[in-house]
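Order of the sequence lines sets the chain letters (A, B, ...), proteins ahead of strands, with each chain counted from 1. The structure presented is a predicted model; accordingly, all values stated were derived computationally and were not measured.
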Number of protein chains: 2
Amino acid sequence: MTVPQMAEIAALVGDPARATILSTLFDGRALTATELSFAANVTPQTTSGHLAKMTQAGLLTVLKQGRHRYFRLATPLVAQMLESIMAVAASAPPRYRPRTAQEDRLRLARTCYDHFAGILGVSIADALCERKHVILSDDGGEVTESGRAFLNDFGITLATRTRRPICRHCLDWTERRFHLSGVVGAAITTRCFDLGWVRRERNPRALQITPKGREGFRRSFGFSI
Amino acid sequence: MTVPQMAEIAALVGDPARATILSTLFDGRALTATELSFAANVTPQTTSGHLAKMTQAGLLTVLKQGRHRYFRLATPLVAQMLESIMAVAASAPPRYRPRTAQEDRLRLARTCYDHFAGILGVSIADALCERKHVILSDDGGEVTESGRAFLNDFGITLATRTRRPICRHCLDWTERRFHLSGVVGAAITTRCFDLGWVRRERNPRALQITPKGREGFRRSFGFSI
DNA sequence: CTGACGCTTCGGTGCCGCCCGAAGCAACGG
DNA sequence: CCGTTGCTTCGGGCGGCACCGAAGCGTCAG
């Protein structure tokens with residue numbers, strides 16, 4: 001039975017402090033133990049224990065650099081697992097939720113592993129679908145010819161040799177709708193950073209949309225945000 | 001923050017008894033509280049508590065029928081979450097594993113929600129791919145014309161109106177390779193049950209391949225099992 | 001070398017929650 | 001109507017683990 005192993009992994013995610021750490025690392029960055037201890041709101045000793053357990057279990061990998069130790073999610077599989085847990089958590093319980101300003105910022109725009117999520121992510125996906133640049137189906141999506149041209153204009157060239165440009169959708173856990181992930185989602189995100197349309201906030205998970213970005217999204221994608 | 005909710009869901013899966021229950025329900029069946037208490041190896045009272053918590057959290061739904069209460073996974077999202085946790089659990093830790101006969105049977109053939117998994121599931125996927133009846137790409141798959149014809153011969157008619165017959169792949173957590181899920185995977189599984197090629201074992205998760213089935217898989221799919 | 005910093009290990013405390021025994025309730029069968 | 005079966009709630013015991021304070025170890029700056 002692999003059940004005990006499954007329980008072990010789930011139990012690791014099941015502690016609030018560890019869940020916070022994982023969720024902080026969710027966008028793919030590598031952070032130091034101290035930064036994570038700050039994020040999780042526990043002392044460095046406690047954080048150290050958590051990080052050791054998760055590394056041991058294969059959820060995290062660590063990169064030693066001088067006197068710092070940088071932790072990151074070990075594999076995309078881990079990110080995918082977190083995402084599916086979040087999807088269930090978001091869809092399942094009505095529960096009460098206080099709604100903080102912090103949470104609102106997160107809801108507006110954030111990164112999900114390596115691509116946009118939140119209202120921004122969903123708006124981009126909607127815009128591309130509406131113009132038939134991307135066709136989303138039940139478990140994936142494809143970029144049309146017009147979409148390829150559109151992305152080209154936007155400064156993104158997709159490899160032409162692949163049968164189907166890798167374009168996935170990803171259930172947004174605040175909006176409960178799809179945003180784009182995969183190669184396409186990541187490329188759009190990177191491009192927007194390069195264009196200066198978005199910036200990281202003090203809370204590194206939330207994104208700030210610049211005035212230039214608002215204008216750009218309106219002109220290129222046709223939505224106001 | 002939705003982090004605490006995520007931790008809550010993960011913590012539910014993180015208890016061995018509950019993980020066993022969820023894993024027992026993983027193939028989509030509905031079982032009574034008593035059956036589940038047997039599977040989880042705890043008393044009915046304890047099981048009752050677990051089931052209540054998981055139902056409350058939206059992981060399970062319950063169907064009252066006379067004096068029985070049938071529990072099943074609430075949504076496919078939950079099954080997907082379990083699957084991704086299993087994938088991480090299987091890929092992450094080398095750990096020791098005793099290898100029981102029971103586990104070998106499970107590894108040979110079992111159902112994964114509503115479709116075949118294990119060596120059987122992977123073999124079917126391999127056979128269909130090799131003959132170009134199905135093309136698997138990075139995050140899904142499609143059925144070709146020849147595949148449609150093949151399935152037709154096999155007694156399965158796919159709806160023609162859908163843009164792309166829904167065919168997903170699903171990472172097999174014992175074989176670490178893909179098997180087919182989605183509509184196609186489920187249809188093949190159902191058909192094999194109807195043909196008497198597979199039967200449920202005493203352990204309801206494991207499947208028994210009948211002699212007729214071995215012959216059939218050899219003739220129709222070209223693999224020996 | 002000395003101090004500061006990042007991170008770890010060690011020991012002890014407190015709390016959460018898993019578990020079972022006992023008892024209660026609801027549905028079915030005779 | 002009473003016994004059986006399926007499932008629940010209640011109460012208490014007990015183990016495990018998250019947490020912190022203190023101290024130790026490597027790394028870097030001066």
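- In this structure, A:Leu51 places its CG atom 15 Å from P of C:dG6, rounding to the nearest Å.
- B:Thr210 pairs by the side-chain hydrogen bond (donor to acceptor under 3.5 Å, both in side chains) definition with nothing, not counting sequence neighbours.
- The main-chain N or O of B:Ala11 is found under 3.5 Å from a side-chain atom of B:Arg18 such that the two form a donor-acceptor pair.
- The separation between A:Arg69 atom CZ and C:dT9 atom P is 8 Å, rounded to whole Å.
- For A:Thr32, the side-chain hydrogen bond (donor to acceptor under 3.5 Å, both in side chains) partners two or more places apart in sequence, or in a different chain, are A:Glu35.
- Scanning for side-chain hydrogen bond (donor to acceptor under 3.5 Å, both in side chains) contacts around B:Ser84 gives A:Ser84, with sequence neighbours left out.
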What string of B, S and - do you get for nucleotides 17-30 of chain C, 5' to 3', if B is base contact, S is sugar-phosphate-only contact and - is no contact with any protein heavy atom under 4.0 Å? -SSBBB----BS--
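- A:Phe154 pairs by the ring-ring contact (aromatic ring centres under 6.0 Å, His included) definition with A:Trp197, A:Phe221, not counting sequence neighbours.
- Note on A:Thr32: only backbone sugar-phosphate atoms sit closer than 4.0 angstrom, heavy atoms only; bases stay farther off.
- Atom CD in A:Glu8 sits about 15 Å away from atom P in D:dG16, given to the nearest Å.
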Would you be so kind as to tabulate the donor-acceptor pairs closer than 3.5 Å made by side chains of residues 63-74 of chain B, with sequence neighbours excluded?
from: B:Arg72; atom 1: NH2; to: B:Gly28; atom 2: O; distance (Å): 2.6

